[in-house]
Structures are given as structure tokens and as C-alpha cells.
Amino acid sequence: MGRTATFETVEVVRAARSLFWREGYESASMSAIQQATGLNASSIYHAFGSKRGLFEAAIANYLDEVVRPGLAPLLVDRPSPQALADYLGSAARLLGEGIGDDGEGEQSSLPDGCLLVNSACAGIGREEAVRDVIASYRAELVRAFGAGVAARFPEASAAERERLTETSVSALIAALVMSRIDRSAARSSLEAARTPLLAPAG
């Protein structure tokens with residue numbers, strides 16, 4: 001990736017990220033990748049080694065630019081008691097919009113679901129390196145959601161906090177899968193997961 005200018009590399013990776021997110025790794029042909037990135041095949045192989053190398057760069061970019069900024073408010077030293085409920089509420093709104101209507105009659109640019117969850121459900125998800133990245137992603141969710149639960153219910157037992165954390169993580173992942181076929185159901189699932197977080201503590 002150091003063989004191209006940094007700005008060009010970032011833009012290429014973002015373009016590839018959007019394509020892989022929409023189409024999946026297997027369905028994204030080299031011709032589609034070339035069209036999306038504006039690079040010819042030799043430039044792509046020169047910069048990233050292979051289609052798989054570009055996919056790995058796209059996943060790393062997805063984690064850095066999409067996943068982690070959203071989780072950041074949960075991972076500060078003192079998260080707001082509302083941080084996890086706010087996160088799930090934002091996710092519900094985004095999944096509810098999907099790639100259809102942005103709420104103002106315009107086509108949203110947000111692909112369906114989650115690049116990592118989508119990949120987990122596809123053939124590429126059976127490869128060990130991809131499985132490891134997806135497992136690490138889930139571990140990040142557990143850590144962040146656990147911090148949010150602890151901030152919301154500081155007096156709850158460890159077992160109760162763990163249960164609510166796992167329930168929240170599972171609801172998010174299920175909603176990310178469901179959003180590809182039924183955005184309304186995905187949104188409802190996340191709103192249901194928010195309910196215990198909005199209940200009075202104690």
C-alpha cells in the first residue's frame with residue numbers, strides 16, 4: 001500500500017470498501033473493482049498484491065472509519081449512562097434507512113448490514129484470517145457494550161451486567177443480518193434491546 005500516494009490509497013480503499021460491503025467479496029468482480037476504484041488490474045495488484053489484499057485493507061479501513069468511531073463514546077474513561085442506548089438508537093435509525101430512502105426522498109449511500117457480519121455469512125468467512133478479524137470485532141463490541149452497561153447500571157451484579165451485554169451484542173448482530181432482508185424488523189430488534197437500558201436503574 002505504500003507504493004501509491006497516501007491520499008489515493010485511502011480513496012481506493014474506501015471505494016473498494018463500499019463495493020465489498022454492497023456486493024460481498026465473492027461477487028465483487030475485478031472489473032467491478034476497477035470501475036469502483038478507477039485503477040486498472042495491474043495497479044491494484046501492484047498496490048495490494050491481490051483482490052484479497054485489497055479486501056483486507058478495506059476491512060481494516062471499515063474498522064477504523066466506521067466501527068470504532070461509533071464505539072468511541074462507550075470506551076472513554078467515564079461513559080455517559082445513556083451512551084449504549086444512544087448507540088443502539090443510532091444503529092436502529094441507520095439500519096432502518098439502509099440503502100433505500102434517507103428520509104427525505106433521496107437514495108441513501110449506506111450499504112445494507114455490516115461489512116464484517118456480511119462477510120461472516122459468506123464463503124470468505126470460513127477463512128481463518130477473516131474469522132479471526134470477525135471474532136476480534138465481536139470482542140470489541142463486548143468490551144464497548146460492557147462499559148456502556150456498567151455506566152448505566154453501576155450497582156448491578158457482574159452476572160447481570162454480562163447478561164445484558166451479551167443480549168445487546170446479540171441483538172445488534174442479529175439486526176445487522178436482518179437488515180439485509182427486512183430493515184423494519186432490524187430496527188424493531190434494536191429498539192427492543194434498548195428498552196432495558198431506558199428502564200430506571202435499581
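Note that the coordinates shown come from a computational prediction; the quantities given were computed from them, not determined experimentally.
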Worksheet item: Given side chains that start at C-beta, do those of Thr37 and Leu19 come closer than 4.5 Å, heavy atoms only?
Response: no
For Asp86 and Gln82, does a side-chain donor sit closer than 3.5 Å to a side-chain acceptor? no
Subject >> Expected output: side-chain Lys51 to main-chain Ile44 donor-acceptor under 3.5 Å >> reply: no
Residue set satisfying ring-ring contact (aromatic ring centres under 6.0 Å, His included) with Tyr62, at least two apart, ordered chain then number -> Trp21
Ion pair check, Glu166 and Arg138, cut-off under 4.0 Å: yes
Gln35 atom CD: more than 12 heavy-atom contacts under 6.0 Å: no
message = Taking Leu88's backbone N and O only, do any of them form a donor-acceptor pair with Arg194's side chain (distance below 3.5 Å, no angle check)?
response = no
On a heavy-atom basis, the closest approach of Ala92 and Leu190 is N-CD1, 3.6 Å
Close side-chain approach of Met178 and Leu95, heavy atoms under 4.5 Å:
no
**Prompt:** Are there more than 12 heavy atoms of other residues, nucleotides or ligands under 6.0 Å from atom CD of Glu127?
**Reply:** yes
Looking only at heavy atoms, the pair that brings Ala186 and Ala175 closest together is CB-O, 3.3 Å
| Are Val117 and Leu115 linked, directly or through other ILVMFWY residues, by side chains that come within less than 4.5 angstrom of each other? | yes
*Is any side-chain heavy atom of Met30 closer than 4.5 Å to a side-chain heavy atom of Leu54?*
no
In this structure, CD1 of Ile124 is separated from CZ of Phe20 (nearest 0.5 Å) by 9.0 Å
Heavy-atom nearest pair, Ala171 first then Ser189, reads O-OG, 3.9 Å
Between Leu74 and Ala144, the two heavy atoms sitting closest are CB-O, 3.5 Å
Flag the pair Asn40 / Gln34 as yes when at least one side-chain heavy-atom distance between them is below 4.5 Å, and no otherwise. yes
Under 3.5 Å donor-acceptor, Glu26 side chain and Ala122 backbone:
no
Are the charged groups of Glu128 and Arg131 less than 4.0 angstrom apart, N to O? no
Smallest heavy-atom separation, Ser119 atom then Phe55 atom, equals OG-CZ, 3.5 Å
_Just so I know, are the side chains of Pro79 and Leu75 near enough to count as touching, which here means a heavy-atom distance under 4.5 Å?_
no
CZ of Arg17 to CD of Glu65, rounded to nearest 0.5 Å, is 5.0 Å
Worksheet item: Under 4.5 Å between any side-chain heavy atoms of Val130 and Tyr25, yes or no?
Response: no
Output for pair (Ser168 OG, Arg163 CZ), nearest 0.5 Å, gives 8.5 Å
task: Indicate yes or no for a side-chain donor-acceptor contact from Ser179 to the backbone of Gly113 under 3.5 Å, with no hydrogens or angles considered.
output: yes
Original post:
Does any non-hydrogen side-chain atom of Arg152 lie less than 4.5 Å from one of Leu84?
Top reply: no
- Query: Where do Arg93 and Ser90 land on the side chain to side chain donor-acceptor pair (under 3.5 Å) test, with the steps shown first?
  - Reply: CA-CA 5 Å; Arg93 287 190 294 276; Ser90 294; 3.0 Å; yes
- Message: A side-chain contact here means heavy atoms from C-beta on lying under 4.5 Å apart; do Leu164 and Phe145 qualify?
- Response: no
Tightest non-hydrogen contact, residues Pro73 and Gly70, listed as CD-O, 3.3 Å
Interatomic distance, CG@Leu116 vs CD1@Ile173, rounded to 0.5 Å, equals 10.0 Å
Q | Path from Leu63 to Val142 over hydrophobic side-chain contacts below 4.5 Å | A | yes
### Query
Between the main-chain N or O of Thr167 and the side-chain N or O of Ser170, is there a donor-acceptor pair closer than 3.5 Å?
no
